[in-house]
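Below, chain A is the first sequence line, B the second, and so on; all start at residue 1.
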Protein chains: 2
Amino acid sequence: MVKKQKDAGTQQRILEAARKVFLEKGMAGARMQDIADEAGINKALLHYYFTSKDMLFEQIFANTSQTFVPHINEIIESDMPLFEKIEHICDDYISMLIKNPYMPLFLINEINKQDGDFLKRMWGKQKANLSFFVAQIQKEVKKGTIKPIHPAQLYMNIMSMCVFPFLGKPMMQFMTKVTDKEFVQLMEERKTFVARFVIDSIRK
Amino acid sequence: MVKKQKDAGTQQRILEAARKVFLEKGMAGARMQDIADEAGINKALLHYYFTSKDMLFEQIFANTSQTFVPHINEIIESDMPLFEKIEHICDDYISMLIKNPYMPLFLINEINKQDGDFLKRMWGKQKANLSFFVAQIQKEVKKGTIKPIHPAQLYMNIMSMCVFPFLGKPMMQFMTKVTDKEFVQLMEERKTFVARFVIDSIRK
DNA sequence: GTCTATATTCCGATAGAC
DNA sequence: GTCTATCGGAATATAGAC
């Protein structure tokens, strides 16, 4: 088999290594040497495949954030009944985070460092907004199935309870003295727990 | 007036400058030059007062985390009635975070980077645990005033809803299109909103 | 105590042999 | 395509004059 250009296998190994290192240490903390080591190559070869650290990082960041945002939008904008949708969001979110525990800290860090227009450039085309969700909530309020509530606050609550535990894990473990294994178990339980907690609070 | 040792005023200015820079950029992102600029001095003088960046950082980190943890423990371990305590925690937490919006990201980042035993060394003596809160909840469950609930999950929920919005602010602003001023307003409203949300969910 | 100038270390990036 | 060796810049840290 003829290799037309850069070796696809090596390129893939580098991307995986870069993803791992960047997610754990962030842009500022990551070293090209770390990534090279993780990929089992040396720095020179790393630069042969990806000319600069900035460029490599941008690929990882774009890829990570774009597999995250559209996924949740899809659920939010679906036409499920509200309670079912809430259950779906919690389950889906937490399942994904159990598999990618470093993702929230990475994304939040890097998003905070970018200028204001950055998200627009990156996510602008994905019309990531809550208008459909807001309308759905207002409809339910009018029907009288749920208490009056500010949709943005409700959404913040759901997102907070799903994501924060993965950010505050070390602090939580210190306070509650749970082991790593027990922590995962707590998160598994959260998939249904958070949804029930929310629904119990808003239903009339 | 005789100066026995290093100028207290300058030292203070440096600490304030370091705190500001470290909170905004974290250990890896902060530059000694930034801190010197912020304090209105040069790098050499900065090193005269604090021999190394590591050492300066450690002081800021220790100070920041130690003004944070005991504060919340005090409320948790008080003997207020449960609902009142929840209201108190939310109000207090969010008020503090409106004043120190960079604190959560800073603490979470740096805590995540430390090894497992680090928190024990730093907070070990402050017996930061939830045993009293747990007992109080179990008592209320037995009395039948609240639904059965895992205390750790409940505490995670409260903490999540108070802290997360400050971490996810840019993402939230992108999705909900609120301005900075409106965001602060939303947080002000959250002081009572979160408490009510929690209490509505757990009360029988 | 504060400065300028310089040493030292670290890290991203490139040159050039194979 | 992969390596060793090295450059060049940036950042921490120190030397030494005032």
Validation: residues 27-36 of chain B side-chain donor-acceptor distances under 3.5 Å, sequence neighbours left out:
unit_1: Arg31(B); atom_1: NH2; unit_2: Ala28(B); atom_2: O; d: 2.5
unit_1: Gln33(B); atom_1: NE2; unit_2: Asp37(B); atom_2: OD1; d: 3.0
unit_1: Asp34(B); atom_1: OD2; unit_2: Lys25(B); atom_2: NZ; d: 3.4
unit_1: Asp34(B); atom_1: OD2; unit_2: Arg31(B); atom_2: N; d: 3.3

Indicate yes or no: does Lys113(B) engage Glu110(B) in a salt bridge with an N to O separation below 4.0 Å. yes
Roughly how many Å is it from [atom1] in [X] to [atom2] in [N], rounded to a whole number?
{"X": "Leu46(B)", "N": "dT14(D)", "atom1": "CG", "atom2": "C1'", "result": "13 Å"}
{"X": "Met55(A)", "N": "dG12(C)", "atom1": "CE", "atom2": "P", "result": "16 Å"}
{"X": "Gln33(A)", "N": "dT9(C)", "atom1": "CD", "atom2": "P", "result": "18 Å"}
{"X": "Lys53(A)", "N": "dT14(C)", "atom1": "NZ", "atom2": "C1'", "result": "18 Å"}

Take a 6.0 Å sphere around NE2 of His47(B) and say whether it holds more than 12 heavy atoms from other residues, nucleotides or ligands.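 Count over threshold, so yes.
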Under the 6.0 Å and 45° cation-pi test, does Lys177(A) pair with Phe174(A)? yes
Please report, to 0.1 Å, the donor-acceptor pairs under 3.5 Å made by any side chain of residues 153-166 of chain B, with sequence neighbours excluded.
unit_1: Gln153(B); atom_1: OE1; unit_2: Arg190(A); atom_2: NH1; d: 2.8
unit_1: Gln153(B); atom_1: NE2; unit_2: Leu186(A); atom_2: O; d: 3.1
unit_1: Asn157(B); atom_1: OD1; unit_2: Arg190(A); atom_2: NH1; d: 3.1
unit_1: Asn157(B); atom_1: OD1; unit_2: Arg190(A); atom_2: NH2; d: 2.5
unit_1: Ser160(B); atom_1: OG; unit_2: Met156(B); atom_2: O; d: 2.5

I want to check one thing: is the phosphate of dA13(C), taken as OP1 and OP2, less than 4.0 Å away from some side-chain N or O of His47(A)? yes
Can you label the angle between the Phe197(B) ring and the Phe193(B) ring as parallel, tilted or perpendicular, going by 30° and 60°? tilted
Taking salt bridge (charged side-chain N to carboxylate O under 4.0 Å, His left out) as the definition, give me every residue that meets it alongside Lys139(B), ordered by chain and number, with sequence neighbours left out.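 Expected list: none.
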Would you please name every residue forming a side chain to side chain contact (heavy atoms under 4.5 Å, CB included) with Glu38(A), sequence neighbours left out?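 Residues passing side chain to side chain contact (heavy atoms under 4.5 Å, CB included) with Glu38(A): Ala17(A), Lys20(A), Val21(A).
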Which residues in residues 19-29 of chain A have a heavy atom closer than 4.0 Å to any atom of DNA chain D?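 Correct list: empty, so none.
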Any base atoms under 4.0 Å from Ala36(A), or only sugar-phosphate, or nothing? Heavy atoms, all strands. nothing
Its contact letters, B for base, S for sugar-phosphate only and - for none at protein heavy atoms under 4.0 Å, make nucleotides 2-10 of chain D read BBB------
